[in-house]
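Note sheet for the following structure.
Each ligand, and each atom within it, is numbered from 1 in the order the structure gives. Start at 1 with the first residue, then count along the sequence. Keep in mind it's a predicted model, so treat the numbers as computed, not measured.
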Amino acid sequence: MTKDSVNKFLLISIDCWRYDALSRTNPLFNTPKFDLLTKDFTLAEKFFVTAPATRPSHTSYFTGLYPFEHGLYGQTYLKMFEGIPNLFQLFADEGYHITGRSERAEVFRFLDYEPFITSIDPNAKAQQLGSLEDLISDLKQPSDTPQFCFLHFWYTHGGYGMSGIPGAPSLGSLVNQGKTDEALRYYYAAATHILEFKLVEILKQLDLPNWAVFIFGDHGEGICEELIDHGSTLNQNVLHVPLLTHIPGVEKLDLPDAPISAIDLFPTITHLANIDTEYKGYGKNLLYPSEINDDRLVLSELDSLFGIGFLSQKNLDMPHQRVTSRTTIDNEEISRYTEGVRLWSLTDGEYLFREDQQTGEYVYRHVMRSEDVECGDPEQFRNAYDDILMCSNYQHLQLQDSTPEEREILEARLRNLGYIE
Ligand SMILES: [Zn+2]
């Protein structure tokens with residue numbers, strides 16, 4: 001597949017956008033304008049995020065690395081490991097015009113790419129009440145200006161625009177009463193608003209044939225018995241998200257049967273832009289699907305050992321220099337979350353294997369049917385997970401700083417493998 005390099009990139013992240021919140025996968029979705037605008041886009045059917053949380057997941061999109069490699073093991077880890085190239089910086093270094101806009105820009109606080117992301121509407125106090133005009137005028141650069149743009153929509157995040165409506169139900173209680181379909185209607189309505197209004201208004205302004213566009217979820221949303229939102233476990237509704245792609249000169253992206261991961265965007269996008277990176281991660285260039293092994297397993301990770309509730313507005317306003325490491329402020333460790341968990345999962349796109357790292361409990365589940373099944377060989381997945389950890393080309397970054405807890409887990413892992421007594 002040869003083509004001239006592309007020089008306009010648009011990445012759109014819809015927070016909590018799960019696989020069934022799209023007309024192509026769900027006939028309940030009524031988004032005719034969005035469907036028309038994106039009719040030539042390819043939908044990846046087996047696409048998975050690396051983490052069930054906004055910060056680690058986006059960091060994987062922008063670096064091509066798994067959480068254990070980039071350092072944001074979970075949502076409340078404060079910083080990335082140092083020295084990791086990210087898409088914003090790479091494109092800025094190449095002279096691209098950068099647009100980074102979010103309905104909740106402060107969620108990226110303390111991360112390397114934070115300086116590139118501002119509000120969707122800088123004049124609006126409440127982003128959901130803001131205008132798209134400022135953003136659209138920034139997107140409309142002369143046709144020969146190379147552009148890298150990232151947009152992040154938050155309206156689909158917990159609350160789904162229901163706050164302030166008298167009598168608005170809690171989705172958790174609806175699910176508990178067996179009214180999951182009713183709960184889903186509220187969530188779907190928020191996703192429809194983003195697709196059918198905001199994305200339509202933006203996409204129709206662009207000369208789409210010249211733009212490489214990637215529309216994806218940063219994670220999905222549970223809205224099921226196992227979890228209502230997204231942060232507490234690795235669940236198929238949370239990890240399996242849509243990815244819509246449009247690449248100039250590529251009529252239809254020929255995706256592999258194997259699962260693909262959020263980490264695949266980094267090598268794909270830098271390849272399209274002809275940007276040389278010394279990338280040595282597990283991400284695969286989606287333009288060369290034949291190089292993706294049929295037996296590929298993709299990883300997701302969850303770590304909530306620290307500071308649940310830490311990301312309050314007050315903490316997010318803290319000066320940068322007070323964050324002294326990934327888990328310390330003013331050199332003091334942020335509080336532990338006593339009920340915190342550390343989980344990992346691997347999927348082949350059809351089945352998902354999940355293990356609790358502290359208890360060894362596991363589940364094996366069909367992704368689309370959300371059905372637990374017997375796992376004949378858990379060791380196969382444990383070995384595959386160990387291989388991913390041990391063969392990572394970024395293990396040296398973990399030495400930058402590790403907490404006693406991390407060291408303990410690392411040692412336990414090595415002990416299990418027989419590397420140490
Ligand atoms: Zn998110």
Check your understanding: Taking atom types as modelled, is there a side-chain donor on H58 or S13 under 3.5 Å from an acceptor on the other?
Key -> yes
Practice item. Would you tell me whether R354 and T233 have side-chain atoms, one donor and one acceptor, within less than 3.5 Å of each other? Key: yes
Revision key, fill the gap. Distance col, row N7:CG vs H97:NE2, nearest 0.5 angstrom, shows 13.0 Å
**Study point:** Mutual orientation of the aromatic rings belonging to F81 and Y73 [parallel < 30°, tilted 30-60°, perpendicular > 60°]
**Key:** perpendicular
Exercise for review: Quick one: give me the number of protein N/O/S atoms under 2.8 Å from the Zn ion (ligand 1).
Suggested key: 5
Practice item. Indicate yes or no: does D134 engage R101 in a salt bridge with an N to O separation below 4.0 Å. Key: yes
Practice item. Sorted by first residue and then second, give each ring-ring contact (aromatic ring centres under 6.0 Å, His included) pair with at least one member in residues 114-137; sequence neighbours left out. Key: F88-F116
